[in-house]
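The structure displayed is predicted, hence computed values, not measured ones. Per chain, numbering begins at 1; letters A, B, ... match sequence-line order.
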Protein chains: 2
Amino acid sequence: MDKLAAQGIFREQLKKFVDLNEAEWIVFAQHLDFGAIKKKKFFAQPGTVCREIGFIVKGSVRYYHVKDGEEITGYFSFENEFVSSYKSYLTGLPGTNYIQALEDTELIIITHKSMEAMLANPVLGYKMEQFGRRVAEYYLICYEDRVSSFVTKTPEERYLDLLATGREILQRMPQHYIAHFLGITPVSLSRIRRRILIEK
Amino acid sequence: MDKLAAQGIFREQLKKFVDLNEAEWIVFAQHLDFGAIKKKKFFAQPGTVCREIGFIVKGSVRYYHVKDGEEITGYFSFENEFVSSYKSYLTGLPGTNYIQALEDTELIIITHKSMEAMLANPVLGYKMEQFGRRVAEYYLICYEDRVSSFVTKTPEERYLDLLATGREILQRMPQHYIAHFLGITPVSLSRIRRRILIEK
DNA sequence: TCAAAACGTTAACAAAAGATAAGGAATTTA
DNA sequence: TAAATTCCTTATCTTTTGTTAACGTTTTGA
């Protein structure tokens, strides 16, 4: 895919968050970069400040954390989703996660610098604030749901929920990543699956 | 406390998120309501759309969820914090949580209607988008940290973290609320406390 | 002020999850 | 294509958590 095709996809998806007219889009597009990450390479690494927000046009990434030498995969992003070490991006502090491409991945990239410039741009500023607000609100809701599932549900219930919503994760991610995403060990998820099979 | 005093506090705290000049503040203040909730009364209830964002100037609230007849307290808000059933507020769908005042609580209230009006107001719109963005980003980071703690930490580690950061929660909330906040039962938290005492 | 309710701890038992290891299937890669 | 690696399951054992109940203390509220 080339930059222009990627921008086309991005422009379409962007409509979920902000409505840019032709003039605004042209200025906006000038601030967009295009990037590719080879499988197993990194979008972000711990100890480094994440200065970009990516929008995945092709591929997928996982967010993971190393604890006691073990990789714990906490989240994923797929096509048409944003990817960033948000806390690091927003605070300017070093991140704590790896974000790794799970396959060859192509993205539209908005650097922090570009974003700042657009926010300060009288033509685009308002729309960029709106864009930022809506994206943050969107992810806020995702996180709210996820926190809620940890507080009020058992691991088995969380897994059944995941099955019910049939998210992409199930098809595209190995089970041990899903286990950590649910907050449990791969062995435990395997047992839960067994339990469900027998019970039904 | 009267409305004016409350607005004074709010205006000061607002600076964390947006910088309003005198003219902007005057228009903004016209859209603010003032409210009081008696202890044990509700700011939000499940099945009802939450159409306000509150800013607590005095008191505190807890967010809880009823599961199998039991109340599970997932979160709290204190003075100088916002309170809302965000997902419901943002989506316009009925909420799933109770938000209950833990003591007589006073708040500045921004209704959804007021917020929409301000966002559409040419004088205030830009600043309101910025305000909304920054508040959402702030809470996004809080949630990101919390999700991360569920994925990568044991309940004991989460409790030790809470002790280390010495949050208001510890002083002001009964232990069984804290337990649910950590994603465990009150009995289990009591045991964790015992373990920590013996080990150290 | 006095009864009721709420709170934290502890105990006992059941259920679930973590840790470790082994084995086989599938996938990767050299 | 053969060897290595990854992945999932299963088993065993340990640790932790959930559940229920009892008890004493504190707080609440009628």
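When rounded to the nearest whole Å, the span between CZ of A:Arg62 and P of D:dT6 equals 11 Å. One atom, CD1 of B:Ile198, and another, P of D:dT16, lie 12 Å apart when rounded to the nearest Å. The separation between B:Leu182 atom CG and D:dT16 atom C1' is 15 Å, rounded to whole Å.
Screening residues 45-74 of chain B for ring-ring contact (aromatic ring centres under 6.0 Å, His included) gives B:Phe10-B:Phe55, B:Phe55-B:Phe82, B:Tyr63-B:Tyr75, B:Tyr64-B:Tyr98 as the qualifying pairs, with residues at least two apart or on separate chains. Applying the side chain to side chain donor-acceptor pair (under 3.5 Å) test to pairs two or more places apart or on separate chains, those with a residue in residues 127-145 of chain B are A:Lys87-B:Asp145, A:Glu129-B:Gln130, A:Glu129-B:Arg133, A:Gln130-B:Glu129, A:Arg133-B:Glu129, B:Glu24-B:Lys127, B:Arg133-B:Glu137. Applying the salt bridge (Lys or Arg N to Asp or Glu O under 4.0 Å) test to pairs two or more places apart or on separate chains, those with a residue in residues 7-18 of chain B are B:Arg11-B:Glu22, B:Glu12-B:Lys15. Residues in residues 34-58 of chain A take part in these salt bridge (Lys or Arg N to Asp or Glu O under 4.0 Å) pairs, two or more places apart or across chains: A:Lys38-A:Asp104. Listed by first and then second residue, the ring-ring contact (aromatic ring centres under 6.0 Å, His included) pairs involving residues 153-181 of chain A are A:Phe76-A:Phe181 (not counting sequence neighbours). Sorted by first and then second residue, the pairs that involve residues 155-181 of chain A and meet salt bridge (Lys or Arg N to Asp or Glu O under 4.0 Å), not counting sequence neighbours, are A:Glu79-A:Arg172, A:Glu103-A:Arg172, A:Lys153-A:Asp161, A:Glu156-A:Arg195, A:Glu157-B:Lys67, A:Glu168-A:Arg172. Counting only residues at least two apart or on different chains, no salt bridge (Lys or Arg N to Asp or Glu O under 4.0 Å) pair has a member in residues 106-117 of chain A.
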Report summary line: Reading nucleotides 17-30 of chain D from 5' to 3' and marking B where a protein heavy atom lies under 4.0 Å of the base, S where only the sugar-phosphate is that close, and - otherwise, the string is BBBB--------S-
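Taken over five-pair windows at either terminus, the axes of the helix from C:dT1-D:dA30 to C:dA30-D:dT1 are inclined to one another by 60° (rounded to 10 degrees).
Checked against side chain to side chain contact (heavy atoms under 4.5 Å, CB included), A:Val187 has the following partners two or more places apart in sequence or in another chain: A:Thr185, A:Arg191. Listed by chain and number, the residues in a side chain to side chain contact (heavy atoms under 4.5 Å, CB included) with A:Ala101 are A:Ile37, A:Thr105 (sequence neighbours excluded).
For DNA chain C, the outermost nucleotides in 5' to 3' order that have an atom under 4.0 Å from a heavy atom of chain B are C:dC7 to C:dA12.
Without hydrogens or angle criteria, B:Ser88 side chain to B:Leu93 main chain gives a donor-acceptor distance under 3.5 Å.
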